[in-house]
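Beneath this line is the structure, given in structure tokens, with notes to follow.
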Amino acid sequence: MDTQKIISGITNEVKDIMGQEGTGHDWWHIYRVLEMAKNIGQQEKADMFVVQLAALLHDIADWKFNDGDDTVGPKLAREILIKHQVSPEVVEQVCEIVEKISFKGAGVSEEMPSVEGKVVQDADRLDAMGAMGIARTFAYGGHAGRPLYDPDNKPIMHQTKEDYFKAKSQGTSINHFYEKLLLLKDKMNTQAAKKLAEGRHKFLEEYLERFFQEWQGKI
Ligand code: NI
């Protein structure tokens with residue numbers, strides 16, 4: 001297998017499919033996850049071919065945009081990998097990661113068995129934290145018609161995938177910080193990601209503090 005040729009072929013295909021859109025969940029999200037996964041993957045001594053393929057394909061048909069159908073992603077990922085003549089063994093490794101990667105609510109656990117999966121999951125979660133996480137939360141909130149914040153609308157800790165999916169349009173963007181973003185720090189798998197998550201988490205907390213002070217006209 002000419003791994004470099006496969007990576008660049010699949011990169012071009014994913015760029016075309018994901019394109020650019022306004023919720024921060026476009027090709028450039030994939031780009032950021034890919035770069036971060038390379039960073040963490042090297043530190044964790046993961047198989048970098050599997051890491052890069054899984055990062056590229058991890059959101060190829062995200063269930064959030066498929067009415068909750070989480071079988072679309074792995075199926076499409078498999079088609080693309082086979083088309084680019086990736087070996088069957090690697091296809092299985094990558095598809096398992098694509099299948100297990102989505103965040104499905106505060107109380108729902110997602111086990112990621114392989115180190116490559118752990119790396120890509122961490123990279124994906126880091127992109128929902130820090131300055132990137134803030135930008136994406138408000139962009140998605142605008143797309144879903146959510147208010148920025150409503151003091152009477154309290155955050156809910158979702159226990160099932162169905163609850164989380166249903167509640168997405170009912171909450172506020174600030175609630176999303178409490179329902180997802182601030183929980184991510186403790187969900188990191190790898191040591192490298194745990195370190196990076198600390199800085200991004202701190203930035204989220206500082207942002208919220210300032211948001212509430214400005215909300216009250218204090219600063
Ligand atoms: Ni993602």
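Worth saying up front: this structure is predicted, and the values here are computed from it rather than measured. All ligand and atom numbering here is 1-based and tracks the order in the structure. Here, residue 1 is the first one in the sequence, and each next residue gets the next number.
With sequence neighbours excluded, no residue forms a side chain to side chain donor-acceptor pair (under 3.5 Å) with Lys15. Gln93 pairs by the side chain to side chain donor-acceptor pair (under 3.5 Å) definition with nothing, not counting sequence neighbours.
Take the Ni ion (ligand 1) as the corner point: the lines to NE2 of His58 and to NE2 of His29 open at 90°, to the nearest 10 degrees.
You'll find the ring centres of Phe212 and Trp215 outside the 6.0 Å limit.
When distances from the Ni ion (ligand 1) to the N, O or S atoms of Asp124 are compared, OD1 comes out shortest. The Ni ion (ligand 1) lies closest to atom OD2 when only the N/O/S atoms of Asp59 are considered.
There is no side-chain donor-acceptor pair under 3.5 Å between Glu21 and His143.
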